[in-house]
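Here is the structure we will look at, set down as structure tokens.
No hydrogens, no waters, no symmetry mates; every other heavy atom, side chains included, goes into these values. In this chain, numbering begins with 1 at the start of the sequence shown.
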Amino acid sequence: MRAGAAGLALAVLAVALEGAPAAAEPAAVTAAGADLVSVALNGDSMSLRLRDAAQVSHDAAGHDPAEVVLGPAGGLAGRVPAGKSFAFLGSPGHAVWSLSAGDSGFPALDTTGVRPGVVTDDTVALTVRSVEGPGTFTAYTLSGLGTATPLFGSGPGLARTAQLPVATRTGGVVWAFDAAGDYRLALTCSATLRSGRKVSAETTYRVRVPAISPVEQAPLAPPAKQVPGPDEQSAARALAAPPAAPKPAAAPKPAAAPPAAAAKAAATTATGARQVIADGHVDMGPQLSGETWTIRIKDDRTSPPVWRETADVVLQVKDNAKITVPAGADFLGKQGDAVWLLPQSQQAGIVWPGWNTQHESVVSGIKGNVTWTLKGVDGPGRFALFLTGSFGKADVLFDSAKAFPQQLSVPLNTHAHGNWAFSKPGLYRLAVQMNGTTSAGKAVTDTKTLTLAVGDSTDPNSGFGSGGGTGSGGDDDGGDQGGAGRLPRTGAGWVLTAGAAGVVLVAVGVLLVLLTRRRRAGLATADA
């Protein structure tokens with residue numbers, strides 16, 4: 001009887017197991033534009049979440065990292081460059097896969113949920129407790145052209161803890177893996193309250209790394225020594241291989257907001273208040289009001305942020321942003337030349353400009369990508385906007401030495417940063433245009449002037465009064481620039497225009513000579 005009862009119990013258990021639904025596969029989340037680590041503090045409670053790009057743009061609480069999986073889509077493969085800068089990744093030529101990818105924006109580490117003055121030293125410790133997987137995990141940021149700074153990781157000689165400043169979004173973070181397979185990363189964030197009490201939160205990240213197949217390419221040579229400047233906080237975008245087409249962020253059901261997630265006030269719009277911005281985070285981006293499309297500057301130096309008119313803002317590039325051109329960066333000038341560089345990785349004491357298509361009116365009211373056009377540049381030297389890749393490669397987006405107009409396609413809900421380079425001190429005015437198509441099918445466009453004062457010797461206040469422009473229906477050629485007239489164009493665009501005019505003048509001159517000779521010949525025949 002006992003045997004029969006046991007058999008019956010086993011049969012019932014087998015039936016129950018067969019009828020039980022299989023565990024659901026965790027939703028995949030892309031790292032593009034995400035806050036991989038989002039730390040918040042509410043009283044004595046600390047939380048650690050993962051926010052995808054949509055949640056970042058809406059200030060949503062985010063996911064429990066253990067309930068989603070990062071990768072395998074959206075990453076980039078490359079090889080470790082030669083030189084000391086990337087030696088922490090392994091031997092030169094070793095294949096590595098980067099979680100960061102694409103023009104839709106690189107991920108960040110976010111501590112904006114922890115207010116200044118609440119924890120000691122105003123820092124949060126982020127520690128990798130353990131790594132389960134087939135290879136080595138490394139988190140790092142780019143420190144400039146062809147250089148990188150490790151944060152933490154599982155490899156030999158790597159620190160296990162990084163100190164993050166509070167109330168800061170450290171952008172351009174690269175998570176790299178050197179073998180394909182599934183990884184589990186146990187991360188802990190911790191801090192000490194002013195009261196002396198320690199607070200922490202821990203969770204597990206799941207990352208799926210595909211087969212690593214790097215695109216062969218020559219890495220950028222190690223850079224020349226930089227002019228001394230402030231230490232960098234964060235780094236930039238991974239473009240070691242041609243980026244895949246940007247994909248929308250996956251949208252699994254958002255997790256409930258932790259108690260620490262405080263609601264943030266909505267951004268406001270200000271006009272008339274002139275601002276010289278020499279430090280902090282700003283973005284250029286469009287807004288849509290009805291059918292009026294306007295490019296503005298989002299000033300993130302305050303909370304809530306303020307959207308400002310481009311005519312009211314001059315970005316000041318001080319001499320602490322001056323570096324020397326490294327080998328292999330010919331688009332910046334000759335090796336050893338001075339260049340003023342606003343890096344795509346944030347640095348203390350240097351303004352950090354980016355671009356975004358994240359305004360709610362744009363995300364909900366526009367279909368397809370936004371086209372950003374550089375129509376012309378007025379300035380004493382060369383201007384270039386470029387991206388630095390995960391493994392040191394530079395990708396030039398705009399270059400005033402080339403013909404205008406130049407275009408960049410920007411997906412919706414994008415927040416990105418690049419390196420803004422200027423070869424000489426002085427005042428630069430960039431004629432920028434952004435185009436889109438509304439959900440109703442109407443084309444909208446705006447052209448504005450972005451003004452930058454480069455070098456300590458340049459008075460930034462001299463840049464005001466020429467940053468106007470028109471909304472939709474304005475001069476598509478950039479003719480309306482707030483009273484400044486058409487922008488002079490530097491670079492090959494201007495050279496080609498002048499060359500064409502010269503050809504026309506020469507042709508007219510030849511024609512006049514021929515007509516004069518014929519007339520004289522006719523008069524001579526008549527006299528005979």
- Under the side chain to side chain contact (heavy atoms under 4.5 Å, CB included) criterion, do Leu109 and Leu151 qualify, and how do the steps go? CA-CA 11 Å; Leu109 306 178; Leu151 294 174; 4.1 Å; yes

- Message: Quick one, Leu412 with Val370, criterion side chain to side chain contact (heavy atoms under 4.5 Å, CB included). Give me CA distance, side-chain angles, the key distance, then yes/no.
- Response: CA-CA 7 Å; Leu412 295 179; Val370 172; 4.1 Å; yes

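Judged as a side chain to side chain donor-acceptor pair (under 3.5 Å), and not counting sequence neighbours, Gln406 has no contacts. Considering only residues two or more places apart in sequence or on other chains, Arg301 meets the salt bridge (charged side-chain N to carboxylate O under 4.0 Å, His left out) condition with Asp299. For Trp340, the side chain to side chain donor-acceptor pair (under 3.5 Å) criterion is met by Asp319, not counting sequence neighbours. Residues meeting the side chain to side chain donor-acceptor pair (under 3.5 Å) test with Arg208, sequence neighbours left out: Glu25, Asp182. Val363 pairs by the side-chain contact (heavy atoms from CB on, under 4.5 Å) definition with Asn413, not counting sequence neighbours. Qualifying side-chain contact (heavy atoms from CB on, under 4.5 Å) partners for Asn356, counting only residues two or more places apart in sequence or in other chains: Asp283, Lys298, Trp307, Gln358, His415. Residues satisfying the side-chain contact (heavy atoms from CB on, under 4.5 Å) criterion with Ala167, sequence neighbours excluded, are Pro116. Residues satisfying the ring pair (Phe, Tyr, Trp, His ring centres under 6.0 Å) test with Phe422, not counting sequence neighbours, are Phe383, Tyr428. For Asp122, the side chain to side chain donor-acceptor pair (under 3.5 Å) test picks out no residue, with sequence neighbours left out.
Closest approach of Ala421 to Val339, counting heavy atoms only: CB-CG2, 4.0 Å. Listed here is the closest heavy atom pair of Asp330 and Arg382: O-NH1, 4.0 Å. Shown here for Ala338 and Lys322, the closest heavy-atom pair between the two residues is CB-CD, 3.9 Å. Summarising the geometry of Leu427 relative to Gly463, their closest heavy-atom pair is CD2-CA, 3.7 Å, with the distance given to 0.1 Å.
Using cut-offs of 30° and 60° for the angle between ring planes, the Phe86 and Tyr140 rings count as perpendicular. Ring geometry, Trp355 versus Trp372: the interplanar angle falls from 30° to 60°, so the pair is classed tilted.
Checking Thr447, Thr371, Thr445, Thr373 one by one against Asn435, the side chain to side chain donor-acceptor pair (under 3.5 Å) holds for a single residue, Thr445.
Using a 4.5 Å heavy-atom threshold, the side chains of Asp337 and Leu332 count as separate. Side-chain contact between Thr449 and Thr310 is absent, with no heavy atoms from C-beta onward closer than 4.5 Å. You'll find the side chain of Val282 reaches within 4.5 Å of the side chain of Pro353, heavy atoms only. Between Leu36 and Leu99 the shortest side-chain heavy-atom distance falls below 4.5 Å.
For residues 31-40, the set of pairs meeting the salt bridge (Lys or Arg N to Asp or Glu O under 4.0 Å) definition, not counting sequence neighbours, comprises Asp35-Arg51, Asp35-Arg169. Applying the ring pair (Phe, Tyr, Trp, His ring centres under 6.0 Å) test to residues at least two apart or on different chains, none of the pairs has a partner in residues 432-455. For residues 353-362, there are no salt bridge (Lys or Arg N to Asp or Glu O under 4.0 Å) pairs, not counting sequence neighbours.
In this structure, the side chain of Ser361 does not engage the main chain of Gln287 through any donor-acceptor pair within 3.5 Å. Judged purely by atom type and a 3.5 angstrom limit, Thr324 has no side-chain atom pairing as donor or acceptor with the backbone of Gly336.
Rounding to the nearest 0.5 Å places CZ of Phe464 at 7.5 Å from CG of Asp312.
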